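First the structure, in the form of C-alpha cells, and then the observations on it.
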Protein chains: 2
Amino acid sequence: MLKLLDEEGKMYGYEITQHVKTLSDGKMILTEGALYPTLHKLEAEGLVKTKKVMVGKRMRKYYTLTTKGKKANKSKLAEFQEFINAMQLILKPKTTSS
Amino acid sequence: MLKLLDEEGKMYGYEITQHVKTLSDGKMILTEGALYPTLHKLEAEGLVKTKKVMVGKRMRKYYTLTTKGKKANKSKLAEFQEFINAMQLILKPKTTSS
DNA sequence: AAATATACCTAATATTCTTAGGTATCAAAA
DNA sequence: TTTTGATACCTAAGAATATTAGGTATATTT
C-alpha cells in the first residue's frame, strides 16, 4: 500500500484493491477486511493522511503518504527484498553433485 | 521445513532451526515457538512422520516426509514462487517515462 | 562452577487475515 | 423497472500464526 501510494500520489481504498488486482494479473486479492483496518492503522501511526472527497453523493477517502510514510515505504521495501533474498537462499535447490 | 526435509531426508527440530540460520546467513531465525507447533501440525496432517532416537541420554525426534508430504512440498514451493512473482509485479517500480 | 549449546516442549499474548456481514450510490442488464 | 453488479465506505467474530517467555534436561565449553 505504501509503495502504491508513493507512486500514485493519492489513492482511495477501493482503488488500491483494484490496482493490486490489475498489477498482479488477478493473482493477488486485497480484501476489504485486510485493507481498511491496515489503512486506519497507517493513519494512526502517522504514515498516511486522509482527505474526504464527495463524488456525486458518494464518499471517497483519499490517502497520501506523509514524510514519515515515505521513509517507511523505503525501509519496508528494502526489508521485504531482504526477506525474499533470505527465503531464496533457503529455498534454493541444494546442489547434490557437479 | 518441507523443502529442507525433502533435501536432507531426515532432520530433527533443532537441526532445522540451525539449517535455516546457516542457509540465510543469520538473517532468518526460526524460533522454537514457531517450529514445534508447525512440525506437530504437519505430523497431524500426515505430511511428515517421526522417529525418536536416543543420542546418549538425549532424545532426538527425526522427521521425514511422507509421500503426501513430498507432494505438498512441491505444491507449496510452487505456490510460494507464485506469491513472490505476484509481489514483484506489484512492487516493481512504475516506469514514469521512456 | 558457570555459562552456553543442544534438544524437546507449551502457553499467554499479540498480530493479522478470512469470512461474513452492514450501509449506500450508481450503472447496466434483464 | 427491477434487479444485479460494481463502486465505496466500514466493522466484528473467528481462525491462523508468530512472538515472547517460560519449563525441563543433558552436554560442552569457558
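Just so we're on the same page: letters track the sequence lines, and every chain starts at 1. The model shown is predicted, which means the values in this text are computed figures rather than measured ones. Note that these values count all heavy atoms, side chains included, but never hydrogens, waters or copies made by symmetry.
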At a cut-off of 3.5 Å, list every protein nitrogen or oxygen paired with a nitrogen or oxygen from nucleotides 18-28 of chain C, distance to 0.1 Å.
{"from": "C:dT25", "atom 1": "O2", "to": "A:Arg58", "atom 2": "NH1", "distance (Å)": "2.2"}
{"from": "C:dC26", "atom 1": "OP1", "to": "A:Lys57", "atom 2": "N", "distance (Å)": "3.0"}

So for atom NZ, which belongs to B:Lys61, do other residues, nucleotides or ligands contribute more than 12 heavy atoms lying within a distance under 6.0 Å?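 For B:Lys61, atom NZ is crowded (more than 12 foreign heavy atoms under 6.0 Å).
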I'd like to check the side chain to side chain contact (heavy atoms under 4.5 Å, CB included) partners of A:Glu79; sequence neighbours left out, ordered by chain and number.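 Partners of A:Glu79 by the side chain to side chain contact (heavy atoms under 4.5 Å, CB included) criterion, ordered by chain and then number, come out as A:Lys76.
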Side chain to side chain contact (heavy atoms under 4.5 Å, CB included) against B:Thr22, all qualifying residues, sequence neighbours excluded: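 By the side chain to side chain contact (heavy atoms under 4.5 Å, CB included) rule, B:Thr22 matches no residue at all.
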Which whole-number value in Å describes the distance from [X] [atom1] to [N] [atom2]?
{"X": "B:Lys10", "N": "C:dA7", "atom1": "NZ", "atom2": "C1'", "answer": "16 Å"}
{"X": "B:Leu39", "N": "C:dA7", "atom1": "CG", "atom2": "P", "answer": "15 Å"}
{"X": "B:Tyr63", "N": "C:dC9", "atom1": "OH", "atom2": "C1'", "answer": "10 Å"}
{"X": "B:Tyr62", "N": "C:dA7", "atom1": "OH", "atom2": "C1'", "answer": "11 Å"}
{"X": "A:Lys21", "N": "D:dA6", "atom1": "NZ", "atom2": "P", "answer": "8 Å"}
{"X": "B:Leu35", "N": "C:dC8", "atom1": "CG", "atom2": "C1'", "answer": "10 Å"}
{"X": "A:Glu45", "N": "C:dT16", "atom1": "CD", "atom2": "C1'", "answer": "13 Å"}
{"X": "B:Tyr36", "N": "C:dC9", "atom1": "OH", "atom2": "P", "answer": "6 Å"}

Which residues in residues 70-92 of chain A have a heavy atom closer than 4.0 Å to any atom of DNA chain C?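 Contacts with DNA chain C under 4.0 Å: none.
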Ignoring backbone atoms, test whether A:Tyr12 places a side-chain nitrogen or oxygen under 4.0 Å from the OP1 or OP2 oxygen of D:dA8.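 Answer is yes, contact under 4.0 Å.
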With sequence neighbours excluded, residues passing side-chain hydrogen bond (donor to acceptor under 3.5 Å, both in side chains) with B:Glu43: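 Testing B:Glu43 for side-chain hydrogen bond (donor to acceptor under 3.5 Å, both in side chains), a comparison that skips the adjacent residues, returns B:Thr50.
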5' priority, DNA chain C, between B:Tyr14 and B:Lys61 [closest heavy atom]: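 Looking at DNA chain C, the more 5' nearest nucleotide goes with B:Tyr14.
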Distance-only criterion, 3.5 Å: show the donor-acceptor pairs between side-chain atoms of residues 66-74 of chain A and protein atoms not counting sequence neighbours.
{"from": "A:Thr66", "atom 1": "OG1", "to": "A:Gly46", "atom 2": "O", "distance (Å)": "2.7"}
{"from": "A:Thr66", "atom 1": "OG1", "to": "A:Leu47", "atom 2": "O", "distance (Å)": "3.1"}
{"from": "A:Thr66", "atom 1": "OG1", "to": "A:Lys68", "atom 2": "N", "distance (Å)": "3.4"}
{"from": "A:Thr66", "atom 1": "OG1", "to": "A:Gly69", "atom 2": "N", "distance (Å)": "3.0"}
{"from": "A:Lys68", "atom 1": "NZ", "to": "A:Glu45", "atom 2": "O", "distance (Å)": "3.0"}
{"from": "A:Asn73", "atom 1": "OD1", "to": "A:Lys3", "atom 2": "N", "distance (Å)": "3.2"}
{"from": "A:Asn73", "atom 1": "ND2", "to": "A:Asp6", "atom 2": "OD2", "distance (Å)": "2.9"}

Would you check if A:Thr17 and A:Tyr14 make a side-chain contact, meaning some heavy-atom pair closer than 4.5 Å?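 Yes, at least one pair of side-chain atoms sits under 4.5 Å.
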Between A:Lys94 and B:Glu8, is there a salt bridge with N-O shorter than 4.0 Å?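 Salt bridge flag = yes for A:Lys94 with B:Glu8.
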Of the candidate nucleotides C:dC17, D:dT11, C:dT10, which contains the atom at the shortest distance from the side chain of B:His40?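 For the B:His40 side chain, the nearest candidate turns out to be C:dT10.
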Give B:Lys41 one of three labels, base, sugar-phosphate or nothing, depending on what nucleic acid heavy atoms sit under 4.0 Å from its own.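 Sugar-phosphate: the residue B:Lys41, judged by heavy atoms under 4.0 Å, touches backbone atoms but no base.
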